[in-house]
Every structure is written in structure tokens, then in C-alpha cells.
Amino acid sequence: MRIERARGTRDFLPREMRKRRIMEARMREIAERWGYEEISTPTFELAELFTLKSGDAILKEMYEFEDKGGRHLALRPELTAPVIRMYVNELKMASKPTKVYYIGNCFRYEEPQKARYREFWQFGAEIIGSDSPEAQAEIIALAHAILQSVGITAEVHVGHVGLLRERLRAAKVEEERINTVMRLIDKGEREELIHFMNEIGVEHHVVDELLRLIDVQGEDALQAAQADNLIASASPAFKELEMLLELLTYYNVAYTLNLGIARGLDYYTGMVFEIYEVDGSLGAQNQICGGGSYRLAALFGGDDVPSTGFAFGFDRLAEIFRLDEHAMPRGDVVVVPVRERDQDNREVVKEAIQVASTLREFVRTQVDVMNRSLSAQLSYANAIRASFAVLVGKNELKEGKVTVRDLTTGMQERMSLEDCVGRIRATLR
RNA sequence: GCCGGGGUGUGGUAGCGGCUAUCCCUGGGGACUGUGGAUCCCUAGACCUGGGUUCAAAUCCCAGCCCCGGCCCCA
């Protein structure tokens with residue numbers, strides 16, 4: 001009976017895995033160079049960690065279960081909450097800012113479709129301890145640099161929920177209702193938004209201003225909006241955003257100001273940003289990164305530390321990323337024991353294993369495990385695009401040498417093992 | 001949860017009521033008892049699952065599962 005893969009999960013074949021590892025290495029490298037350190041949290045957590053943050057409604061989209069001890073657990077649907085939980089539990093005393101990055105698999109019970117799976121990977125980074133414009137700019141710039149490292153061009157959209165919340169507060173809208181408004185903005189439900197605000201008695205000119213505010217987009221839009229009296233110049237959120245945008249130019253990050261980004265979650269407090277893939281290869285799922293400034297730690301019993309961070313949808317990046325396989329050099333060496341038919345080949349096999357061990361100290365090396373003929377072994381070496389075949393047979397044993405065959409040129413030569421090592425080293429360098 | 005399009009060897013496919021299910025690629029072996037890529041031969045390997053219609057189903061019908069895409073959602 002054939003067992004199918006669970007719905008929404010994927011197998012990664014060697015080729016795909018190689019690609020993902022290369023991407024991962026490049027992304028890690030950038031994060032490390034920016035002074036971020038890797039952390040890792042458990043694959044499952046107490047379900048409460050996630051419901052606390054986003055309400056019971058998310059239970060239906062989580063893989064949740066009870067363990068044998070009666071604990072209510074869930075496979076993590078995202079990584080920000082666990083990271084902040086870890087900070088509150090173990091890292092409180094670390095010097096600020098605490099800069100971390102992570103990559104891990106997450107699980108959501110949703111309908112699979114293009115670039116959307118039930119098990120997926122996120123790569124993220126957080127600055128815990130700051131939500132200053134400097135921290136915000138750094139986080140956006142880091143995300144930008146990471147994208148560059150994997151050769152992906154995308155659009156960075158920067159918004160600021162503080163600005164919108166401020167405007168609503170000034171109009172005496174209750175906090176709870178502000179959250180609802182933010183969610184509607186995030187969804188882009190313009191009609192409903194207007195309807196809702198009218199219903200709760202928001203004055204018409206405020207509704208109008210807010211609508212114009214969320215339409216603010218583009219380079220000089222912030223100044224224009226201010227000149228238009230949509231934003232009070234004394235507004236702290238405005239000052240913060242202005243500063244952030246200036247810092248982004250120092251980082252040479254091209255961005256689009258988009259105050260319509262609201263990131264429906266209640267805990268975002270200031271800057272929010274999203275990055276979209278632009279050439280449409282991801283279909284409906286073109287958002288590849290999201291982040292912003294938030295306050296979560298207090299929710300998990302820690303101090304009210306401000307944080308700024310982002311998370312990439314790693315699989316979506318992998319979908320876009322094209323690895324040039326031809327640019328990858330041949331590399332392997334295949335050691336070929338030349339067995340004689342109907343004879344004791346132990347000495348030959350022994351020598352082949354020892355030669356392989358020597359070569360493995362510096363190059364990827366394989367030895368036949370199929371008891372194949374010389375011809376079949378060379379055929380295999382060719383199939384895996386190996387660079388060299390090192391032949392070991394009774395003739396070589398007699399002379400204390402090996403035969404090195406360059407599979408690219410077809411030239412071969414008998415030489416000592418030391419010379420063989422030297423030759424392969426020189427060629428593969 | 002909803003809507004549409006699909007599931008034939010490892011991958012890609014042909015067949016769309018009737019012969020032993022086609023071809024390419026792939027895996028293993030051989031022609032070639034110490035030399036790869038070419039050629040040829042042998043061999044392995046498939047009609048998603050279950051029901052129905054029919055003398056006869058890969059083919060038509062229904063349901064489920066899975067895949068692809070979209071809606072919703074995306075904490």
C-alpha cells in the first residue's frame with residue numbers, strides 16, 4: 001500500500017534541497033554580518049502562546065492537539081511569538097538591543113495553493129529593545145540586503161500604523177474600534193470601512209481625511225499630505241516616519257510610502273512594511289515579507305519592550321530564486337576499484353577505500369558499492385557529472401600508483417597517490 | 001469553507017468504450033572479462049481510490065483522496 005504525503009506538505013529532492021541550502025546560507029551570512037545571532041525555538045508550543053496573541057479564532061487554522069499529559073499544544077504557526085516568548089523567558093538580561101535571526105518550519109491548516117503550503121518555512125530577524133527610526137530603517141535595510149543576496153528584486157512598501165491610529169484617537173474613536181478600522185484598512189475593504197466609520201459616528205471630514213491618508217503613496221507624498229493638513233506636523237508618528245524615510249535613503253533602499261498598509265494585527269505600534277514580488281510569478285501570493293514595530297513582550301509577562309522585526313516567506317523566495325546549475329562546477333571524484341572476474345579482489349577494494357579516505361579529506365569522493373564492472377562505474381561517474389575517476393586495480397597495486405582519469409578531457413595518467421591529490425586539488429581549485 | 005481545471009511507470013506523455021496500454025526520459029544488466037558519454041539488446045516500472053453504467057471501462061457517471069489555480073483567510 002502506497003502512503004501519500006500529507007496534504008499541503010512537500011518532499012524536497014536533492015536538487016531542490018541544494019538550492020534551498022544555498023539560499024539559506026546566503027541569507028544567514030548577511031544577517032550574521034549585520035550582527036544578528038541565530039536562535040531556534042521548539043516546533044510546538046503551548047497553544048496559548050498563539051491564542052493570547054491573536055485570539056481563539058486562529059485555533060481553526062492551527063495544528064493543535066493535546067499531549068498525553070493533557071497539555072494543550074500547537075505546532076507553531078509563526079515564529080515571532082515564540083521568539084518573543086524565548087526572550088521573556090531567557091534573554092531578558094541580555095544587553096540591548098538583542099538582535100536575533102531564525103529560520104524554521106511553521107504549520108497552518110489552510111487550503112494549499114500556489115506558494116502556500118501547510119508546512120512552510122520562515123526566515124526572520126528581530127531587534128528586541130528598540131523601535132526607533134534607526135532600528136526600523138535597519139530592519140528594512142536588512143530585509144532588502146538579504147533579498148539582494150539571493151538576487152531577488154522586489155518592491156518595499158512602508159507604512160506607519162501609528163500615524164493612522166493617532167488620527168483616529170484625535171477623533172476620539174475607541175481603541176477597540178480603531179483595531180477594527182485597521183483591519184478593514186489592511187483588507188482594503190474601502191466600502192465597508194466607510195460604512196463602519198459612519199456607523200460609529202466618525203465625523204465626515206475625519207473619514208474623508210483618513211481615506212486620503214491611506215491613499216498616500218510615493219516619494220514626496222508625506223510632505224504633500226502634511227501640506228494638505230492631513231497630518232499635524234507636531235505629530236510624533238509623523239516625525240518618526242519622516243526620520244525613517246530619510247534613513248532609508250542613507251541605506252540606498254528604494255521604497256514606496258504606502259500608508260494603506262495596516263497589517264491587521266493589533267500589536268503593531270509604529271512602522272509597518274511589506275515587500276512584494278513584482279513579476280507575477282507567485283500568483284495571488286506575491287507578498288514575500290512583512291514586518292514592523294510592535295510590542296508583544298508585555299503580553300507574555302515581560303517588560304513592555306519595543307521591538308522591530310520581519311519575516312520572509314522562505315518558500316516564496318525559493319519559488320522565485322533560480323539557481324544556475326550550469327554555473328556550478330563539477331566536483332566529485334569517483335574511486336573505481338577494478339575487480340577481476342572470479343578472483344579475490346580484496347586487496348583492490350581495500351586500496352580503493354583507503355584512496356577514497358585520503359581524497360575525502362578535501363573533496364567529495366565516492367566508491368562503488370554496487371560491485372559494478374569498470375565500464376559501469378565509469379558510466380556512473382559520468383552520470384553524476386564527476387570530475388575525476390581514480391582507478392585502482394591490480395596493475396596499479398603492483399606499481400603502488402593510481403590511474404587518474406580526467407572525465408572532462410578524457411585524458412588519463414598513472415601516478416602516485418600524492419601526485420593524484422595534487423592534480424585534483426589543482427584542477428578543482 | 002467555497003469555485004474551476006486536472007490525476008496513465010521516476011519524470012514527461014499517447015490512447016478517450018474493445019488486441020499483450022504507446023513513445024521519450026529514468027533505474028538495473030548486457031553487447032564491451034581494464035576504460036564513461038554514441039548505438040543496439042534485455043529487464044524493471046503506470047491507468048489515484050471506491051462504487052456505478054456496460055458483454056466490455058484508463059476511457060462514461062458518482063463520491064472520496066491528492067495535485068494545480070482562484071476566492072476567503074493569512075495571527
Side-chain angles (χ1 to χ4, degrees), chain A residues 1-11 13-15 47 49-62 64 74 76-82 84 106-118 120 122 179 182-183 186-189 263-268 274 280-288 290 292 294 296 299 311 313 316 330 334 336-343 345 348 368 370-398 402-414:
Chain A
M1 147 131 200
R2 181 181 169 140
I3 309 292
E4 300 295 336
R5 224 181 320 113
R7 183 167 164 80
T9 62
R10 290 157 295 161
D11 293 317
L13 273 50
R15 169 186 291 261
L49 174 64
F50 305 109
T51 52
L52 208 54
K53 181 183 161 198
S54 355
D56 288 340
I58 63 152
L59 276 175
K60 68 177 200 309
E61 283 169 5
M62 286 202 311
E64 42 125 4
R76 57 188 179 196
E78 49 111 15
L79 290 168
T80 308
I84 297 304
C106 299
F107 307 83
R108 293 186 190 177
Y109 193 81
E110 294 184 287
E111 283 315 298
Q113 51 186 279
K114 188 177 178 64
R116 182 177 209 171
Y117 309 96
R118 286 182 172 176
F120 60 96
Q122 281 194 345
N179 288 341
M182 299 304 287
R183 248 183 295 261
D186 182 47
K187 286 192 207 168
E189 300 277 4
R263 308 231 9 107
L265 309 173
D266 302 346
Y267 58 84
Y268 279 103
E274 295 181 346
S281 54
L282 288 180
Q285 268 66 240
N286 70 334
Q287 192 189 322
I288 55 180
Y294 59 90
L296 259 183
L299 198 55
R316 293 182 185 176
R330 286 179 166 228
V334 173
V336 179
V338 184
R339 298 183 184 83
E340 302 290 324
R341 196 167 280 183
D342 303 323
Q343 284 188 37
N345 293 299
V348 166
D368 173 60
M370 303 271 287
N371 198 6
R372 277 170 163 152
S373 69
L374 170 57
S375 149
Q377 289 189 60
L378 284 174
S379 174
Y380 171 75
N382 183 59
I384 64 164
R385 293 176 46 79
S387 303
F388 288 98
V390 176
L391 278 56
V392 180
K394 66 170 198 292
N395 300 338
E396 284 79 2
L397 276 183
K398 221 174 292 169
V402 295
T403 297
V404 179
R405 184 175 179 85
D406 184 326
L407 294 169
T408 322
T409 63
M411 306 295 276
Q412 71 177 38
E413 198 179 325
R414 197 163 289 180

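None of the values given here were measured: they were computed from a predicted structure. Labels below follow one simple rule: chain letters A, B, ... track the order of the sequence lines, proteins then strands, and each chain is numbered from 1.
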Residue list, side-chain hydrogen bond (donor to acceptor under 3.5 Å, both in side chains) with N345(A), at least two apart or on another chain: none
Gap in Å between the two P atoms, one belonging to G18(B) and one to G1(B), rounded: 38 Å
Residue list, salt bridge (Lys or Arg N to Asp or Glu O under 4.0 Å) with [X], at least two apart or on another chain:
X: E64(A); answer: none
X: R7(A); answer: E111(A)
X: D11(A); answer: R5(A)
X: E396(A); answer: R414(A)

Hunt down the Watson-Crick or G-U wobble partner of [N], both distances under 3.5 Å, from any strand shown, or write none.
N: A58(B); answer: none
N: G27(B); answer: U43(B)
N: U10(B); answer: none
N: A38(B); answer: none
N: G1(B); answer: C71(B)

Under 4.0 Å protein heavy-atom contacts per nucleotide of nucleotides 42-49 of chain B, with B for base, S for backbone only and - for none: --------
Contact state string [nucleotides 27-35 of chain B, B base, S sugar-phosphate only, - no protein heavy atom under 4.0 Å]: -SS---BBB
Shortest side-chain distance from K114(A), nucleotide among G69(B), G36(B), C72(B): G69(B)
Earlier contact from the 5' end, RNA chain B, for A6(A) and R108(A): A6(A)
Could you tell me whether [X] contacts a base, only the sugar-phosphate backbone, or nothing, with contacts defined as non-hydrogen atoms closer than 4.0 Å?
X: G313(A); answer: nothing
X: G410(A); answer: base
X: Q377(A); answer: nothing
X: E78(A); answer: nothing

Test item: R108(A) side-chain N/O and P77(A) main-chain N/O as donor-acceptor pair under 3.5 Å: yes
Heavy-atom donor-acceptor pair, R116(A) side-chain to C73(B) base, under 3.5 Å: yes
Partner set under side-chain contact (heavy atoms from CB on, under 4.5 Å) for Y267(A), not counting sequence neighbours: K53(A), L265(A), Y294(A), L296(A)
Partners passing side-chain contact (heavy atoms from CB on, under 4.5 Å) against F107(A) (at least two apart in sequence or in another chain): T43(A), Y63(A), L75(A), N105(A), E119(A)
G69(B) OP1/OP2 closer than 4.0 Å to side-chain N/O of Q113(A): no
Below 4.0 Å: OP1/OP2 of C67(B) and any side-chain N or O of R7(A): yes
